[in-house]
Amino acid sequence: MSIYLSGLLWVVGAAAAGAGSAYLVRRFGLSEGRPDNNDAAGQVFTIVSGLQAVIVAFVLISQFDAVDAARDGAFKEANAAVAASWAADALPEPTRGEVREQAAAYARTVQDVEWPQMRAGHTVESDGWAQLARLRDTVADAQTADGDDWATDRKTEAANQLWDVYQARQERITGAVQNGLGAVLWFVLILGSVVTVLMPNLFGGTKPRTHIIIVSTLAGTITVLLFAIYQLQNPYAGGTKIEPDAFRWALDRLS
């Protein structure tokens, strides 16, 4: 099902549920005296809705930041692997060719093996760490002529770039394993949203039709935000679905 259709169904369903609760309250609830409670109910609603808005905004922004960080980290990792290979071009054969082949094999493993695992929310299990270790050993074992400062500097640069690959890889795998919100946070988000939607039913003085529109609109709006948070939980799937473009481009440059 399309993400847009799925989101629309959730919003419409929540709006309908909110409208139903408002209709039942106005149809069967006691209307006498409720307008007199507007001041007290308004103060409570301001506190509850304000806290809920802060929590939802904080979570939503943090999820957006996590997606951006995951995308930037993928490009950092891929670019560092390419940079390490280019730096190794100054090293003698067979090191030069081995580094390029091993860097391409690593990028291919990330693209073809690890990315589908991250997209499915599974633990990353591949030969990636071993490939990176072999790549590091190949660079470390490279022999440079005495007095060849350029080759020595390039060897050092290749080693530094591989360290950047290691760091970016560690962050990517850690982020893929730890993606998603905890049960406690989801409990707070959902319960707070339900309370926020139901609070306007304490107000009185509005016409039933107006009251139903207010509650249903509030329910639909909050559901849109919760749906966005849900889709942003896994940067490699859902609505964000970061593609391994960085590693595809890396393979093009390493071929």
Side-chain angles (χ1 to χ4, degrees), residues 1-27 45 48-49 51-75 110-124 172 175-201 208-249:
M1 181 183 296
S2 169
I3 182 176
Y4 302 106
L5 179 58
S6 177
L8 181 61
L9 291 176
W10 275 102
V11 171
V12 171
S21 68
Y23 171 79
L24 292 175
V25 168
R26 297 305 292 264
R27 178 67 176 80
F45 177 75
V48 172
S49 61
L51 289 174
Q52 181 67 9
V54 170
I55 294 174
V56 171
F58 177 80
V59 174
L60 188 59
I61 292 173
S62 66
Q63 293 298 99
F64 272 117
D65 291 342
V67 172
D68 290 338
R71 183 180 292 105
D72 294 342
F75 278 96
V110 174
Q111 173 187 278
D112 298 337
V113 179
E114 296 182 356
W115 217 266
Q117 293 174 347
M118 295 189 299
R119 180 161 294 164
H122 299 158
T123 301
V124 175
R172 172 172 59 83
V177 172
Q178 297 179 350
N179 70 71
L181 304 180
V184 174
L185 187 52
W186 270 118
F187 175 79
V188 171
L189 288 173
I190 295 175
L191 181 61
S193 298
V194 171
V195 172
T196 301
V197 171
L198 294 179
M199 281 293 294
N201 289 323
R209 181 178 300 178
T210 303
H211 180 71
I212 291 174
I213 293 175
I214 291 174
V215 176
S216 61
T217 301
L218 181 61
T221 301
I222 293 180
T223 302
V224 167
L225 300 178
L226 295 180
F227 183 77
I229 292 173
Y230 176 78
Q231 291 297 325
L232 292 170
Q233 281 190 111
N234 186 353
Y236 308 99
T240 53
K241 199 174 182 179
I242 298 175
E243 299 290 345
D245 293 333
F247 293 93
R248 293 195 189 107
W249 297 336

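Since this is a predicted model, take the numbers as computed values, not measurements.
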Q | Close side-chain approach of Gln63 and Leu181, heavy atoms under 4.5 Å | A | yes

Q.
Keeping Arg119 on the side-chain end and Tyr236 on the backbone end, is there a donor-acceptor pair under 3.5 Å?
A. yes

Q | From Arg172 atom CZ to Trp115 atom CH2, the distance as rounded to the nearest 0.5 Å | A | 6.0 Å

**Q.** For the student: nearest non-hydrogen atoms of Pro200 and Leu218, plus distance
**A.** CG-CD2, 3.9 Å

(Q) Do Ser21 and Leu198 have side chains that approach each other closer than 4.5 Å (heavy atoms only, starting at C-beta)? (A) yes

Q: Compare all side-chain heavy atoms of Ile229 with those of Val56 and state whether any distance is below 4.5 angstrom.
A: yes

Q) Between atom OG1 of Thr223 and atom CG of Leu9, what is the distance when rounded to the nearest 0.5 Å? A) 12.0 Å

Q: Please confirm whether the backbone N or O of Ala120 pairs with a side-chain atom of Asn234, one donor and one acceptor, at under 3.5 Å?
A: no

Q | Minimum-distance pair of heavy atoms, taken over all atoms of Gly18 and Ala219 | A | CA-CB, 4.3 Å

Q.
Looking at Tyr230, I'd like to know if its OH atom is crowded, meaning that more than 12 non-hydrogen atoms belonging to other residues, nucleotides or ligands lie closer than 6.0 Å.
A. no

Q) Would you call Arg71 and Pro235 a side-chain contact if the rule is heavy atoms closer than 4.5 Å? A) no

Q: For the residue pair Glu114 and Phe247, establish whether any side-chain heavy-atom pair is separated by less than 4.5 Å.
A: no

Q) Only one of Ile55, Thr221, Leu226 forms a side chain to side chain contact (heavy atoms under 4.5 Å, CB included) with Ser193, so which one is it? A) Leu226

**Q.** Exercise: identify the closest heavy-atom pair between Gln52 and Gly192
**A.** OE1-CA, 3.3 Å

Q: Identify the heavy atoms of Val67 and Ile242 that sit nearest to each other, and give their distance.
A: O-CD1, 3.5 Å

Q | Distance, nearest 0.5 Å, that separates CG of Leu189 from CG of Leu185 | A | 4.5 Å

Q: Mind checking the CD1-CG spacing from Ile61 to Leu232? Nearest 0.5 Å is all I need.
A: 12.0 Å

Q.
Ignoring hydrogens, what is the shortest heavy-atom contact between Ser216 and Ala15? Give both atom names and the distance.
A. CB-O, 3.3 Å

Q: Kindly write out the residues that satisfy salt bridge (charged side-chain N to carboxylate O under 4.0 Å, His left out) with Arg248, not counting sequence neighbours, or none if the list is empty.
A: Glu243, Asp245

Q) Roughly how far apart are Leu8 CG and Tyr4 OH, rounded to 0.5 Å? A) 12.5 Å

Q.
Would you say CH2 of Trp186 has more than 12 non-hydrogen atoms from neighbouring residues, nucleotides or ligands within 6.0 angstrom?
A. yes

